Amino acid sequence: MTRFDGEVSPAFEIFEPAEWRAPVIFNSPHSGSTYPDEFLAASRIDLPQLRRSEDSFMDELTGHLSARGFPTVRVNFPRSYVDVNREPYELDPRMFTGRLPSFANTRSMRVAGGLGTIPRVVGDGQEIYRDRILVDDALGRIETLYKPYHRALRRLINKVHQMFGTVVLVDCHSMPSVGVSRDEPRRPDIVIGDRYGTSCTPLLPDRVEETMSGLGYSIGRNKPYAGGFITEHYGNPASGLHAVQLELNRAIYMDERRRERGPRFGQVAADFGVLADVLATTIPFADLGPFQAAAE
């Protein structure tokens, strides 16, 4: 974890392999832990509380895959500062001083829950800001952090698509081991989200489930996480673009209270390597390209 005085630099990092094995990208958009000082000064809660929204260490669990032939992406700024897994302008007008642009989406369910592009709350529902923030500040974060990340991710996806004819984007997240509601059943070790079958070929989540359950993980599908903006926006199977979201139970690999790596951390990282290898060797990528129109 780093505190950075001023702009977050680099805002994100993309690691391309020296030798490409397969058109599979591993993305970690919520593991960023570089907190600008001005953000900490504006927050009504302390840094440990802010960090509850982090998918801590997910970038480390997948980062080694670039050396195995797979491109990896990680975001370095925290999701509590700006969340790249939202539409670009999901904004809550109650948070800001000044007028939001007319095209802002102020009525989404995520905005209502306080988890828009500029979040109002951290993961457990605590309000972040002491006072309203300037609209120009929010729009500045979107212009300087959110948009460059998505431009870079799109360039990477296009590059892989041109190289292989298809792309598989594995969007990697982590979830608290216990939900906010006491009525929620015990969470599995991994939740696979494919937007209820719309963001990728069914073969992809099936192969992930077979592999990870074979390694001893319990698996859920789409509940409570079906995939966010990244999965929905970049997943377009008809164009040969396949996106799947993985939510890893934090209790598996870390001490949630201390926010430290747990005893199984190394094994979990190795298991992601197994998953990457299985996808590279068993997915028929040649069959996952853009659907061809049938001849008249």
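What you see is a predicted model; the values in this text were computed from it and never measured.
- Residue pairs satisfying the ring pair (Phe, Tyr, Trp, His ring centres under 6.0 Å) criterion with at least one member in residues 88-107, sequence neighbours excluded, are listed as follows: Y89-F103.
- A cation-pi arrangement is present between R261 and F265 under the rule of less than 6.0 angstrom and at most 45 degrees off the ring axis.
- Between E232 and R195 there is a salt bridge, since at least one side-chain N of the basic residue sits less than 4.0 Å from a carboxylate O of the acidic one.
- In this structure, M175 belongs to a hydrophobic cluster whose other members, linked by side-chain heavy atoms under 4.5 Å apart, are V191, Y225.
- Nearest heavy-atom pair across S43 and R130 is O-NH2, 2.9 Å.
- Between A226 and Y196, the closest heavy-atom pair is CB-CE1, 3.5 Å.
- Of all non-hydrogen atoms in Y81 and L145, the two that sit nearest each other are CE2-CD1, 3.5 Å.
- In this structure, W20 and F164 have tilted ring planes: the angle between them lies in the 30° to 60° band.
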What do the steps show when you test F26 against H64 for ring-ring contact (aromatic ring centres under 6.0 Å, His included), and what is the final call? CA-CA 10 Å; F26 288 86; H64 65 99; 8.9 Å; no
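- A salt bridge does not link R257 to D255: none of the charged nitrogens lies less than 4.0 Å from a carboxylate oxygen.
- If you take OG1 on T231 and CG on N85, they are separated by 6.5 Å, rounding to the nearest 0.5 Å.
- Each of Y149 and L115 belongs to its own hydrophobic cluster when Ile, Leu, Val, Met, Phe, Trp and Tyr are linked at side-chain heavy-atom distances under 4.5 angstrom.
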Step-by-step side-chain hydrogen bond (donor to acceptor under 3.5 Å, both in side chains) determination, E87 to Y146: CA-CA 10 Å; E87 297 174 21; Y146 179 101; over 6 Å; no
Working note: E256 + R250, criterion salt bridge (Lys or Arg N to Asp or Glu O under 4.0 Å); need CA distance, chi angles, decisive distance, verdict. CA-CA 7 Å; E256 292 179 272; R250 291 173 190 160; 5.2 Å; no
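- Using bins of under 30°, 30° to 60° and over 60° for the plane-to-plane angle, the ring pair H173/H30 lands in the perpendicular bin.
- Nearest heavy atom pair, residue C172 against residue M58, reads CB-CE, 3.6 Å.
- A distance of 11.0 Å separates CD1 of I25 from NE2 of H161, quoted to the nearest 0.5 Å.
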Mind running side-chain hydrogen bond (donor to acceptor under 3.5 Å, both in side chains) on N27 and D171 for me, showing each step along the way? CA-CA 5 Å; N27 181 47; D171 203 39; 2.6 Å; yes
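- In the hydrophobic clustering, where aliphatic and aromatic side chains (Ile, Leu, Val, Met, Phe, Trp, Tyr) are joined below 4.5 Å either directly or transitively, V111 stands alone.
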